[in-house]
Amino acid sequence: MRTATLGPAQRAESLASMAERELDVLVVGAGVVGAGTALDAVTRGLSTGLVEARDWASGTSSRSSKLIHGGLRYLEMLDFALVREALKERGLLLERLAPHLVKPVPFLYPLQHKGWERLYAGSGVAMYDAMSMARGHGRGLPMHRHLTRSHALRVAPCLKKDALVGALQYYDAQMDDARYVTNLVRTAVAYGAKAANRARVTSFLREGERVVGAKVQDVEGGGEYEIRAKQVVNATGVWTDDTQAMVGERGQFHVRASKGIHLVVPRDRIHSTTGLILRTEKSVLFVIPWGRHWIVGTTDTDWDLDKAHPAASSADIDYLLEHVNSVLSVPLTRDDVQGVYAGLRPLLAGESDATSKLSREHTVAHPVPGLVVVAGGKYTTYRVMAKDAVDAAVHGLDMRVAECVTEDVPLLGAEGYRALWNARARTAARTGLHVVRVEHLLNRYGTMTEEILALIAEDPSLGEPLVAADDYLRAEIVYAASHEGARHLDDVLTRRTRISIETFDRGARSARDAAELMAPVLGWDKDQIEREVEHYQKRVEAERESQRQLDDLTADAARLGAPDIVPL
């Protein structure tokens with residue numbers, strides 16, 4: 001099938017088109033659930049629109065632990081249904097829907113007590129594997145194994161000898177969460193959905209009690225559109241309550257935000273061939289392989305401050321360093337931290353005050369006619385959440401609608417990926433790129449890699465790495481603006497690539513080169529290039545300042561010292 005281009009012209013056309021005629025479904029919010037809902041709706045034959053106030057995945061869906069997992073710790077909570085559902089989705093993503101984006105990742109669980117702990121933890125991991133195989137989607141991952149202490153230390157020499165008496169090793173999966181959402185949006189658009197980012201819903205259109213659409217402001221162009229739809233789906237995550245307030249309804253449930261922060265450190269700082277999973281007094285701590293880096297996370301604390309830019313405080317960073325250093329033979333220091341990011345989990349409020357005990361289940365509600373709300377859940381089960389949201393919307397449509405088909409709809413770049421992967425050496429020889437570069441592109445774009453290679457063939461300078469960010473080619477920056485809907489420098493350095501957390505300067509030295517590459521695509525003049533670079537530098541400094549603060553209040557105030565977006 002053809003791919004979809006999310007450039008400036010397509011964005012303008014989408015906004016105009018959505019306002020021209022009534023849609024069957026309008027989805028508000030383009031995180032993973034909103035993007036998945038748009039794909040589900042359009043592949044059932046429904047005319048579908050998707051609007052996002054900021055950038056694709058700019059909230060929770062770009063700031064996760066980047067894991068696709070069944071939720072091993074939910075077995076301990078006896079939440080078998082959630083684990084079973086998530087394991088099925090993990091298998092689908094690995095094997096069928098997105099093999100170019102979702103990859104296996106090994107984890108080592110150190111055992112600290114002889115006898116009973118190996119039996120207890122081992123039975124849990126065995127059940128995890130068995131549940132995965134029982135769903136018919138576990139063949140893509142190796143089974144768990146028991147390790148002696150000496151074997152575990154060969155696999156993970158970074159561990160203190162007295163930090164374990166043995167270990168278990170098992171497999172889950174990971175992906176680049178923001179890239180996955182961008183791909184999801186493009187797939188929906190390829191099937192006929194209309195999508196626009198930087199398009200903010202300012203109010204809902206009403207006819208009596210019924211919601212019949214939304215007023216949408218073009219944040220960049222300044223225009224306002226009335227987009228009418230038979231059903232509107234609110235998929236705004238931690239902003240759910242705010243969006244609900246626009247219809248004057250308290251809502252049938254409340255969404256609380258839990259902050260989780262992550263540290264990114266260079267790969268050579270932790271000597272291990274496997275990821276780690278460690279227990280803390282409140283939750284679990286992951287050390288996750290991430291290319292030439294490790295991601296260390298996460299925390300789990302209540303957050304009721306700015307939702308757009310949750311801030312990591314000095315206390316948050318110290319908490320993670322203290323816990324990971326308790327098992328490392330060579331401790332990490334602040335100087336080892338390349339990047340820090342904070343995200344908010346949208347949790348359905350329950351009776352417990354502890355966010356770690358709030359539900360990771362999702363809920364779908366129909367608070368007023370014409371409006372569906374979907375909230376809660378976890379990244380791995382986004383497709384199920386989307387299906388349930390569209391099922392609820394279909395109840396309000398006076399027409400026969402097909403059942404969900406997304407279980408059999410691969411994302412763009414998936415079809416033919418394995419064949420291209422097998423031919424990567426030939427592709428390298430044909431293009432003159434190193435085979436490692438070709439592998440990098442295939443694992444980010446799948447078969448759409450050919451579109452990147454076409455840009456390089458037209459302008460060989462795009463085959464060079466970006467200034468001060470050797471992992472990324474200059475062509476990827478151009479492609480982000482021309483094909484992936486990037487509107488600002490921040491979109492590219494923070495979400496289309498991960499330069500903002502993968503370099504010690506947080507992307508500051510790459511900013512000008514990237515802005516100059518984006519400028520011809522987006523029609524920027526020299527003044528706009530300067531504004532984009534200045535804005536990004538201020539954002540980096542505001543984040544650094546927030547991470548020097550002792551608590552959430554002062555960290556939040558420091559982070560808000562930088563403006564949100566650059567006006568055009």
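Not measured: the values here are computed from a predicted model.
Taking CZ of Arg424 as the reference point, atom CG of Leu442 lies at 8.5 Å (rounded to 0.5 Å). Note that NZ of Lys378 is 11.0 Å distant from CE of Met385, once rounded to the nearest 0.5 Å. Atom CD1 of Ile529 sits about 14.0 Å away from atom CD of Glu534, to the nearest 0.5 Å. Between the CE atom in Met448 and the CD1 atom in Ile452 there is a gap of 9.0 Å [rounded to 0.5 Å]. Here Ile499 contributes atom CD1 and Tyr536 contributes atom OH; the two are 7.5 Å apart, rounded to the nearest 0.5 Å. Taking CD of Gln174 as the start and CD1 of Ile68 as the end, the distance is 10.0 Å to the nearest 0.5 Å.
With hydrogens and angles disregarded, a donor-acceptor distance shorter than 3.5 Å links the side chain of Arg186 to the backbone of Ala4. The backbone N or O of Leu344 sits less than 3.5 Å from a side-chain atom of Thr60, completing a donor-acceptor pair. With hydrogens and angles ignored, the 3.5 Å screen pairs no side-chain donor or acceptor of Ser132 with any backbone N or O of Tyr128. Using a distance-only test at 3.5 Å, with no hydrogens or angles considered, no donor-acceptor pair links the side chain of Ser500 to the main chain of Arg506. Judged by distance alone, with hydrogens and angles left aside, the side-chain atoms of Thr43 form no donor-acceptor pair with the main-chain N or O of Val405 at under 3.5 Å. Of the possible polar contacts, one joining the Thr48 side chain to the Leu46 backbone as a donor-acceptor pair under 3.5 Å is found.
A centroid separation of less than 6.0 Å is found between the aromatic rings of His440 and Tyr472.
The closest side-chain heavy-atom distance from Glu543 to Tyr341 is not below 4.5 Å. Side-chain atoms of Val390 and Cys404, non-hydrogen and from C-beta on, never get closer than 4.5 Å to each other. At least one side-chain heavy atom of Leu453 sits less than 4.5 Å from a side-chain heavy atom of Leu441. Contact check for Glu484 versus Arg179: side-chain heavy atoms found under the 4.5 Å cut-off.
Taking each heavy atom of Ala195 and Val189 in turn, the nearest pair found is CB-CG2, 3.7 Å. Between Val181 and Ala30, the shortest heavy-atom contact is CG1-O, 3.5 Å. Among all heavy-atom pairs drawn from Ala486 and Arg496, the shortest one is N-NH2, 3.4 Å. Closest approach of Pro104 to Leu141, counting heavy atoms only: CB-CD2, 3.3 Å. Residues Ala199 and Val216 approach most closely at CB-CG1, 3.7 Å, considering heavy atoms.
No cation-pi contact links Arg418 to Trp421, judged by a cut-off of 6.0 Å to the six-membered ring centre and 45° from its axis.
Side-chain contact check for Arg495 and Ser62: no donor-acceptor pair (N or O, by modelled atom type) lies under 3.5 Å. The closest side-chain donor-acceptor pair between Arg539 and Thr494 falls under 3.5 angstrom. Trp290 and Glu502 share a side-chain donor-acceptor pair at under 3.5 Å. Of the N and O atoms on the side chains of Thr274 and Gln169, at least one donor lies less than 3.5 Å from an acceptor on the other residue.
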Query - Verdict with reasoning, Glu476 to Thr497, per side-chain hydrogen bond (donor to acceptor under 3.5 Å, both in side chains) - result: CA-CA 8 Å; Glu476 295 181 77; Thr497 69; over 6 Å; no

Query - Worked check of salt bridge (charged side-chain N to carboxylate O under 4.0 Å, His left out) between Arg96 and Asp408 - result: CA-CA 8 Å; Arg96 185 187 305 168; Asp408 297 305; 2.8 Å; yes

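Here Asp525 pairs with Asp527, Gln528 under the side chain to side chain contact (heavy atoms under 4.5 Å, CB included) rule; sequence neighbours left out. When the side chain to side chain contact (heavy atoms under 4.5 Å, CB included) test is applied to Pro460, no partner is found at least two apart in sequence or on another chain.
Salt bridge annotation for Arg11-Glu220: absent, with no cationic side-chain nitrogen under 4.0 angstrom from a carboxylate oxygen. Taking the charged nitrogens against the carboxylate oxygens, Asp491 and Arg198 do have a contact shorter than 4.0 Å, which makes a salt bridge. A salt bridge links Arg430 with Glu450: the distance from a Lys NZ or Arg NE/NH1/NH2 to an Asp or Glu carboxylate oxygen falls below 4.0 Å. Salt bridge Asp490/Arg54: absent, no basic N to carboxylate O contact under 4.0 Å. We find that Arg44 and Asp391 are joined by a salt bridge, their nearest charged nitrogen and carboxylate oxygen being less than 4.0 Å apart.
Results of the side chain to side chain contact (heavy atoms under 4.5 Å, CB included) test with Leu263 over Ile501, Val324, Val340 single out Val340 as the only residue that passes. For the side chain to side chain donor-acceptor pair (under 3.5 Å) with Ser64, the qualifying choice from Asp177, Thr380, Thr298 is Asp177, the only one to do so.
Environment of CD in Glu13: crowded, with over 12 heavy atoms of neighbouring residues, nucleotides or ligands closer than 6.0 Å. Residue Arg426 qualifies as open at atom CZ: its count of foreign heavy atoms under 6.0 Å is 12 or below. Other residues, nucleotides and ligands contribute more than 12 heavy atoms inside 6.0 Å of the CZ atom of Arg267.
Between Tyr180 and Tyr382, the ring-plane angle classifies as perpendicular under the 30° and 60° cut-offs.
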